[in-house]
Undergrad: 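This structure is in structure tokens; I'll ask about it shortly.
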Amino acid sequence: SLQTHNNIKCSQLIASILAGGFAGSFSWAIVYPIDLIKSRIQALPMDCSKNDRSIVHIGKTILKESGWKALYRGFGITVLRAFPVNAVILTTHSELRGLFERTHIR
């Protein structure tokens, strides 16, 4: 029936939104410490020694001075942005792909 079809479509849409949001958030949880270290390196003066610019050195310095939690400072706001962005991206991709398949556009 039409009601059943609409319920399934709504469930698929919600699943796509949640999958995209959680996938984006999870990916940031994995890469966030490296991204933070990269940003610290980019903020260093250009005449900094090669050793002082290394990922290992910056990582050790952060851990020594501030502990492991410092590697996730600012993570909350990043996830707050990442969840809706990735939810929209995956849902849009899924919906457009379905539309193209139904209309035989390749």
Undergrad: Holding to ring pair (Phe, Tyr, Trp, His ring centres under 6.0 Å), I want the full list of residues that pass it with Tyr32, two or more places apart in sequence or in another chain.
TA: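 Expected list: Phe75.
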Undergrad: Go through the structure and list residues passing side chain to side chain donor-acceptor pair (under 3.5 Å) with Thr103, not counting sequence neighbours.
TA: none
Undergrad: Test: salt bridge (charged side-chain N to carboxylate O under 4.0 Å, His left out). Region: residues 1-25. Which pairs qualify, not counting sequence neighbours?
TA: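 Checked against salt bridge (charged side-chain N to carboxylate O under 4.0 Å, His left out) - neighbours excluded - the pairs reaching residues 1-25 are Lys9-Glu95.
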Undergrad: Checking Asp35 now: which residues fulfil salt bridge (Lys or Arg N to Asp or Glu O under 4.0 Å) with it, not counting sequence neighbours?
TA: Lys38
Undergrad: Which salt bridge (charged side-chain N to carboxylate O under 4.0 Å, His left out) pairs, counting each pair once, include a residue from residues 85-94, with sequence neighbours left out?
TA: none
Undergrad: Could you work out, with side chain to side chain donor-acceptor pair (under 3.5 Å) as the rule, every residue matching Ser94, not counting sequence neighbours?
TA: none
Undergrad: Out of curiosity, does Val31 fall in the hydrophobic cluster containing Val79 (side-chain heavy atoms, cut-off under 4.5 Å, transitive links)?
TA: yes
Undergrad: Only distances under 3.5 Å count here; give the side-chain donor-acceptor pairs of residues 20-27 to other protein atoms, sequence neighbours excluded, each with its distance to 0.1 Å.
TA:
unit_1	atom_1	unit_2	atom_2	d
Ser25	OG	Gly21	O	2.9
Ser27	OG	Ala23	O	3.4
Ser27	OG	Gly24	O	2.8

Undergrad: Distance-only check: which donor-acceptor pairs under 3.5 Å involve side-chain atoms of residues 55-63, not counting sequence neighbours?
TA:
unit_1	atom_1	unit_2	atom_2	d
Thr61	OG1	His57	O	2.8

Undergrad: Could you work out, with side chain to side chain donor-acceptor pair (under 3.5 Å) as the rule, every residue matching Thr91, not counting sequence neighbours?
TA: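 Here the qualifying residues are Ser16.
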Undergrad: State yes or no: do Trp68 and Leu36 share one hydrophobic cluster built from I, L, V, M, F, W and Y residues joined by side-chain heavy-atom distances below 4.5 Å, directly or via other members?
TA: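 Yes, Trp68 connects to Leu36 through the hydrophobic network.
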Undergrad: Hydrophobic cluster mates of Val85, side-chain heavy atoms under 4.5 angstrom, ILVMFWY only, any path?
TA: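 Members other than Val85 - counting any ILVMFWY side chain reachable under 4.5 Å - are Ile89.
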Undergrad: Could you list all the side-chain hydrogen bond (donor to acceptor under 3.5 Å, both in side chains) pairs where at least one residue sits in residues 69-88, not counting sequence neighbours?
TA: none
Undergrad: Taking only residues two or more places apart in sequence, or in another chain, which ones meet Arg102 in a side chain to side chain donor-acceptor pair (under 3.5 Å)?
TA: none
